[in-house]
Amino acid sequence: MTDGFIRWYRESAATPAFAAQAELFAAHGLGLVHPVRGAAVVLDVEGDGVLMSPEELGRLLGLRIASLTMNWWFSADADVVAAYAYEPLGCEIQTLWLDGLTPEQADTVEAAVVAAATALPVPGRAVIVDRDGEGDPEDWDSAVLYDGEIPSHFPDRVLVRDPLAERLCRSSPELRSEGTGGGLTLFAPGPARPL
């Protein structure tokens with residue numbers, strides 16, 4: 001069992017969408033710039049904060065040359081750690097850790113990610129929401145990235161696009177499902193509803 005997390009898989013864009021994501025997150029109360037330090041904070045291998053401008057962080061993410069871990073800020077004392085990784089199959093993976101957040105803050109993070117996943121011009125492949133960390137973030141990699149098996153443990157919510165959405169409908173008819181926009185379908189435990 002891990003800490004709670006949200007894992008967002010999206011297509012890597014020829015034109016980076018990080019600035020647009022930062023605007024959407026800011027509209028939900030998550031800032032990229034630390035409110036006191038006045039810069040974005042990237043974590044080094046020791047977990048120490050390295051200050052940089054949002055433009056430099058966006059440039060580094062756009063190069064897709066390495067994984068980065070950074071913070072999004074609710075306040076000077078409340079943050080969300082986010083890890084960015086890139087798969088060779090043209091997919092960007094963002095994992096946002098929910099540990100230490102209030103339920104309301106976790107709701108805000110989830111709303112921000114879903115808003116970005118459904119509104120950004122770069123298609124989202126999936127969003128996995130596991131608020132209690134009952135699974136591991138990598139559990140859905142095979143299904144999302146390689147058309148592999150769907151994990152037996154189902155988290156709180158999963159948003160996916162076809163063909164994975166069709167596979168989930170067939171393999172797990174007990175899941176509640178509904179369209180969310182952006183080509184994604186939301187699946188959650190509960191009585192099934194028609195799409």
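Residue indices begin at 1 and follow the sequence shown.
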Handout entry: Interatomic distance, R157 atom CZ to F187 atom CZ [nearest 0.5 angstrom]
Key = 14.5 Å
Problem - Donor-acceptor contact present, side-chain D136 to main-chain D139, <3.5 Å - result: no
Exercise for the section: Begin with the C-alpha distance, continue with both residues' side-chain angles, and end with the deciding distance and a verdict on side chain to side chain contact (heavy atoms under 4.5 Å, CB included) for F5 and D3. Expected result: CA-CA 6 Å; F5 63 89; D3 291 320; over 6 Å; no
Exercise for the section: Could you tell me whether the side chain of Y86 and the main chain of L61 form a donor-acceptor pair under 3.5 Å? Expected result: yes
Exercise for the section: Decide yes or no for L43 and L68: does some side-chain heavy atom of the first lie under 4.5 Å from some side-chain heavy atom of the second? Expected result: no
Problem - Side chains of T185 and E178 in contact at under 4.5 Å (non-hydrogen atoms) - result: no
Handout entry: Test item: R161 side-chain N/O and G124 main-chain N/O as donor-acceptor pair under 3.5 Å
Key = yes
Problem - Exam field: side chain D44 to backbone E46, donor-acceptor pair closer than 3.5 Å - result: yes
Handout entry: Minimal non-hydrogen separation, H34 against V41, with atom names
Key = CB-CG2, 4.2 Å
Exercise for the section: Would you name the heavy atoms of A106 and R131 that are closest together and state the gap between them? Expected result: CB-NH2, 3.2 Å
Practice task
Evaluate the ring planes of W72 and F18, with Trp represented by its six-membered ring, and classify them as parallel (under 30°), tilted (30 to 60°) or perpendicular (over 60°).
Solution key: tilted
Practice task
Look up atom CD in E87 and atom CZ in R125, then write down how far apart they are to the nearest 0.5 Å.
Solution key: 9.0 Å
Exercise for the section: For residues P54 and V33, determine if any side-chain heavy atom of one lies less than 4.5 Å from a side-chain heavy atom of the other. Expected result: yes
Problem - Sub-4.5 Å side-chain heavy-atom contact between I150 and L164 - result: yes
Handout entry: Note, V50 side chain near D48 side chain (heavy atom, < 4.5 Å)
Key = no
Completion exercise
For D79 and L101, the nearest pair of non-hydrogen atoms, with its separation, is O-CD2, 3.6 Å
Practice task
Using a 4.5 Å cut-off on heavy atoms from C-beta on, say whether the side chain of M52 contacts that of L60.
Solution key: yes
Handout entry: Test item: H28 side-chain N/O and L30 main-chain N/O as donor-acceptor pair under 3.5 Å
Key = no
Exercise for the section: To the nearest 0.5 angstrom, please state how far the CG atom of L96 sits from the CH2 atom of W8. Expected result: 8.5 Å
Handout entry: Atom pair OH (Y9) and CG (L159), whose distance is rounded to the nearest 0.5 Å
Key = 13.0 Å
Exercise for the section: If the plane angle is over 60° it's perpendicular, under 30° parallel, otherwise tilted; pick one for W140 and F154. Expected result: perpendicular
Handout entry: Between Q94 and E92: side-chain donor-acceptor atoms closer than 3.5 Å
Key = yes
Handout entry: Exercise: identify the closest heavy-atom pair between A76 and P35
Key = N-CG, 3.5 Å
Completion exercise
Between R167 and E149 the two heavy atoms that sit nearest each other are NH2-CA, 4.1 Å
Exercise for the section: Verify the cluster assignment for L168 and Y146: are they in a single hydrophobic cluster under the rule of side-chain heavy atoms below 4.5 Å apart? Expected result: yes
Practice task
Enter the distance from R10:CZ to C91:SG here, rounded to the nearest 0.5 Å.
Solution key: 9.0 Å
Handout entry: Within-4.5 Å side-chain heavy-atom neighbours: F25 and L32
Key = no
Practice task
Go through the steps to decide whether N71 and V81 satisfy the test side chain to side chain contact (heavy atoms under 4.5 Å, CB included), and finish with yes or no.
Solution key: CA-CA 5 Å; N71 296 101; V81 175; 3.6 Å; yes
Problem - Trace of the side chain to side chain contact (heavy atoms under 4.5 Å, CB included) decision for L186 with V158 - result: CA-CA 6 Å; L186 169 68; V158 171; over 6 Å; no
Practice task
Determine the minimum heavy-atom distance between F74 and V109, stating which atoms define it.
Solution key: CZ-CG2, 3.8 Å
Practice task
Answer yes or no: is there a donor N or O on one side and an acceptor on the other, between the side chain of S172 and the main chain of L175, under 3.5 Å?
Solution key: no
Exercise for the section: Check step by step if side chain to side chain contact (heavy atoms under 4.5 Å, CB included) holds for D130 and H153. Expected result: CA-CA 10 Å; D130 190 337; H153 164 74; 3.7 Å; yes
Fill in the blank from the handout: When rounded to the nearest 0.5 Å, the distance separating CG of L98 from CD1 of I6 is 4.5 Å
Exercise for the section: Examine distances only and state if a side-chain atom of E56 and a backbone atom of S53 form a donor-acceptor pair shorter than 3.5 Å. Expected result: no
Handout entry: Any residue meeting salt bridge (Lys or Arg N to Asp or Glu O under 4.0 Å) with D141, in chain and number order, not counting sequence neighbours
Key = R7
Practice task
Using a 4.5 Å cut-off on heavy atoms from C-beta on, say whether the side chain of V42 contacts that of T69.
Solution key: no
